[in-house]
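Remember, predicted model here, so these are calculated numbers, not experimental data.
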Amino acid sequence: MKQPREAGPDLSLVIPAYNEALRLPAFLERVDRYLKMRHLPYEVIVVDDGSQDETAALVIAQADRLSHIRLVRSPCNAGKGAAVRLGMLQARGRLQLFADADGATAIEELASLELAIARGADIAIGSRTLASRDSRYSVSARRHRSILGSIFNAVVQRLGLRGIHDTQCGFKLFRQPVAEDLFSVAHVNGYGFDLELLYIAQRRGYRIAEVPINWADQPGSKVRPARDGLTMLYDLLSVRRRNALGLYGSRYRPCAAADPLLQPMESTSGR
């Protein structure tokens with residue numbers, strides 16, 4: 001007989017981190033101040049994706065002061081998608097958010113995503129594109145990245161992920177059962193993992209709300225827009241093939257053999 005699921009916190013926040021010793025500590029401090037102010041139970045899971053700097057040591061030091069933070073360590077740099085998946089599959093919150101370690105999206109934007117969930121969405125995703133069309137929001141992005149992002153999204157729409165203006169913003173909130181369902185079948189380890197999640201979610205009929213948010217580009221980004229954009233589009237094509245073959249019907253098994261459909265065009269860790 002299946003045991004009842006142990007009650008978890010109101011919110012789980014998963015932060016993937018690879019060589020983020022310079023940017024992550026300040027974001028964790030801001031996260032802790034904001035979430036404590038809400039007086040609701042929460043957990044913060046930092047997934048160190050095989051960092052070679054002091055990321056893990058700094059998180060451990062902060063966890064000694066900030067009791068809601070815990071560190072999960074990957075033995076190697078597997079990619080952002082793998083890190084987010086690892087953290088989300090360990091999360092226990094009623095709502096589950098993942099956010100980028102650089103703090104480009106302030107944690108205070110969580111309230112807007114929570115409102116969308118309260119209004120019936122299963123998934124609420126931050127959108128820089130929608131925000132850029134609304135004078136009430138501020139989006140600070142480098143021009144060449146904005147142009148490449150627009151081209152990328154146009155191609156994504158043609159490849160079958162329609163109706164979403166910004167698939168790649170690293171600020172997404174899920175109802176717990178939805179997160180468990182999607183991340184248990186996801187396979188993409190690199191930056192294309194957002195595309196996979198949204199593609200599966202649309203085909204399973206989940207309600208996705210795209211929410212405008214304030215966003216500010218941060219120095220030190222590891223994303224290479226042109227090269228990584230091509231790799232992500234290749235990932236989306238692989239996701240389409242997997243879906244056509246019915247391979248999203250079973251749960252993700254971390255120890256399974258590498259999937260030949262999801263091998264990148266050239267060797268890359270997804271970072």
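- With sequence neighbours excluded, the residues forming a salt bridge (charged side-chain N to carboxylate O under 4.0 Å, His left out) with Arg30 are Glu108, listed by chain and number.
- With sequence neighbours excluded, no residue forms a salt bridge (charged side-chain N to carboxylate O under 4.0 Å, His left out) with Glu54.
- The backbone N or O of Glu20 sits less than 3.5 Å from a side-chain atom of Thr55, completing a donor-acceptor pair.
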Worked check of side chain to side chain contact (heavy atoms under 4.5 Å, CB included) between Val211 and Leu115: CA-CA 10 Å; Val211 181; Leu115 180 59; over 6 Å; no
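- Using modelled atom types, one side-chain atom of Glu196 and one backbone atom of His187 make a donor-acceptor pair closer than 3.5 Å.
- Residue pairs that meet the ring pair (Phe, Tyr, Trp, His ring centres under 6.0 Å) test with at least one member in residues 99-139, sequence neighbours left out, do not exist here.
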Side chain to side chain contact (heavy atoms under 4.5 Å, CB included) between Asn189 and Arg85, worked out: CA-CA 8 Å; Asn189 289 336; Arg85 183 169 62 240; 2.6 Å; yes
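- Minimum interatomic distance between Leu195 and Met232 (heavy atoms only, all atoms of both residues): CD1-O, 3.5 Å.
- Considering only residues two or more places apart in sequence or on other chains, Arg94 meets the salt bridge (charged side-chain N to carboxylate O under 4.0 Å, His left out) condition with Asp10.
- In this view, Ser51 and Asp48 satisfy the side-chain hydrogen bond (donor to acceptor under 3.5 Å, both in side chains) rule, not counting sequence neighbours.
- For Ser12 (side chain) and Arg92 (main-chain N/O), a donor-acceptor pair under 3.5 Å exists by modelled atom type.
- Under a 3.5 Å cut-off, the side chain of Asp49 and the backbone N or O of Tyr18 do not form any donor-acceptor pair.
- With Asp122 as the partner, the salt bridge (Lys or Arg N to Asp or Glu O under 4.0 Å) test is satisfied by one option alone out of Lys172, Arg207, Arg204: Arg207.
- Atom CZ of Arg65 sits in a crowded spot, with more than 12 heavy atoms from other residues, nucleotides or ligands closer than 6.0 Å.
- In terms of modelled atom types and a separation under 3.5 Å, the side chain of Gln62 and the main chain of Pro25 share a donor-acceptor contact.
- Although no hydrogens or angles enter the test, the distance criterion places a donor-acceptor pair under 3.5 Å between the side chain of Gln202 and the main chain of Arg162.
- For Glu109, there are no salt bridge (charged side-chain N to carboxylate O under 4.0 Å, His left out) partners, not counting sequence neighbours.
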Using the side chain to side chain contact (heavy atoms under 4.5 Å, CB included) rule, take Leu173 and Leu11 through it: C-alpha gap first, then chi angles, then the decisive distance, then the call. CA-CA 10 Å; Leu173 181 68; Leu11 175 74; 4.1 Å; yes
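- In this structure, the side chains of Tyr199 and Leu236 come closer than 4.5 Å at one or more pairs of heavy atoms.
- The minimum heavy-atom distance linking His165 with Ser127 is given by the pair CB-OG, 4.5 Å.
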